[in-house]
Amino acid sequence: MQHGYSRLYRARTMSAWVTDCPNPFTGRTVPLSFRFHVAMAGALGLGGNLLDWSAGERAEAAALVARYKEVRPVVQQGLQYGLDGHGVQYTRGERTVVLAWRLTPAHAQPAAPLRLRGLDPGARYRDEDTGRVHHGAVLMAHGLPLDLPRQDWTGTLVRPRRCD
């Protein structure tokens, strides 16, 4: 649903909720970090009963909410690009935010690099978390390498920032 909605409307108009697990309708259990990474692609909201969450889950949620607050201006006000069906990119000025996720890996294969869009091919971009530097042309032609665990329901948030 988010994918189709985001084709027409900006992320700030889409409420995206992190809810309790297991899902009361399907019984599916999905990691908290995955639920957050998917919900961060819109206006993040918490719809679960926090009193039922463990202390570890509440601490993880607090860290993920703080991380969302850091990227919220880029997500809600930046240009949005859909990326090969398993990610979304937001760019605002020199900042870029990439949210990527994987439902199930094919035969435990590593995640394929995610080709970014709308960057300056002649510029360099530094990952704000790892410090790794990427060239814009490489990010758009070859893709951003994703360090996703080889398991079901994984996601990540990457922040490449233009550095020259």
Could you tell me which non-hydrogen atom of [X] sits nearest to which non-hydrogen atom of [Y], and how far apart they are?
{"X": "T29", "Y": "P22", "result": "OG1-CB, 3.6 Å"}
{"X": "A41", "Y": "V75", "result": "C-CG1, 4.3 Å"}
{"X": "L114", "Y": "G87", "result": "CD2-CA, 4.2 Å"}
{"X": "A16", "Y": "A39", "result": "CB-O, 3.3 Å"}

How long is the straight-line distance from [atom2] of [Y] back to [atom1] of [X], given to the nearest 0.5 Å?
{"X": "L99", "Y": "M40", "atom1": "CG", "atom2": "CE", "answer": "7.0 Å"}
{"X": "L144", "Y": "R132", "atom1": "CG", "atom2": "CZ", "answer": "8.0 Å"}
{"X": "L116", "Y": "M140", "atom1": "CG", "atom2": "CE", "answer": "8.5 Å"}
{"X": "S33", "Y": "L64", "atom1": "OG", "atom2": "CG", "answer": "7.0 Å"}

Worksheet item: Which residue pairs pass the side-chain hydrogen bond (donor to acceptor under 3.5 Å, both in side chains) test with at least one member in residues 112-122, sequence neighbours excluded?
Response: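 Those involving residues 112-122 are D120-R162.
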Discussion item. With a 3.5 Å distance limit and no angle check, can you tell me whether R35 reaches the backbone of V18 through a side-chain donor-acceptor pair?
Written reply: no
Kindly indicate whether the side chain of [X], heavy atoms from C-beta on, has any atom under 4.5 Å from the side chain of [Y].
{"X": "L157", "Y": "F36", "result": "no"}
{"X": "R126", "Y": "R161", "result": "no"}
{"X": "T154", "Y": "P149", "result": "yes"}
{"X": "L83", "Y": "V88", "result": "no"}

Discussion item. Going by ring pair (Phe, Tyr, Trp, His ring centres under 6.0 Å), name the residues that satisfy it together with Y68, two or more places apart in sequence or in a different chain.
Written reply: none
side-chain hydrogen bond (donor to acceptor under 3.5 Å, both in side chains) partners of [X], counting only residues at least two apart:
{"X": "T91", "result": "Q89, T96"}
{"X": "E60", "result": "none"}
{"X": "R92", "result": "Q77"}
{"X": "Q151", "result": "none"}

Worksheet item: Could you give all pairs that pass the salt bridge (Lys or Arg N to Asp or Glu O under 4.0 Å) test and reach residues 61-82, with sequence neighbours left out?
Response: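 Checked against salt bridge (Lys or Arg N to Asp or Glu O under 4.0 Å) - neighbours excluded - the pairs reaching residues 61-82 are R67-D129, E70-R159.
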Item to complete: Take D164 and R124, measure what salt bridge (Lys or Arg N to Asp or Glu O under 4.0 Å) needs, and give me the verdict at the end.
Response: CA-CA 6 Å; D164 58 73; R124 293 183 306 149; 3.2 Å; yes
Item to complete: Examine L119 and V133 and state if one hydrophobic cluster contains both, with Ile, Leu, Val, Met, Phe, Trp and Tyr joined whenever side-chain heavy atoms are less than 4.5 Å apart.
Response: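 In one cluster: no.
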Discussion item. Is there a continuous path of hydrophobic side-chain contacts, each under 4.5 Å between heavy atoms, that joins V38 to W17?
Written reply: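 Shared cluster, no.
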Worksheet item: Between L148 and W101, is a side chain to side chain contact (heavy atoms under 4.5 Å, CB included) present by the stated rule, with each step listed?
Response: CA-CA 8 Å; L148 292 173; W101 43 85; over 6 Å; no
Item to complete: May I have the step-by-step check of side chain to side chain contact (heavy atoms under 4.5 Å, CB included) for T156 and V158, ending in yes or no?
Response: CA-CA 7 Å; T156 190; V158 184; 4.1 Å; yes
With sequence neighbours left out, write down each residue that passes side-chain contact (heavy atoms from CB on, under 4.5 Å) with [X], or none if nothing qualifies.
{"X": "D147", "result": "none"}
{"X": "L103", "result": "F34, W153"}
{"X": "R58", "result": "W53, A55"}
{"X": "T26", "result": "N23, R28"}

Fill in: Qualifying ring-ring contact (aromatic ring centres under 6.0 Å, His included) pairs with a residue from residues 119-147, counting only residues at least two apart or across chains
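Qualifying pairs: none.
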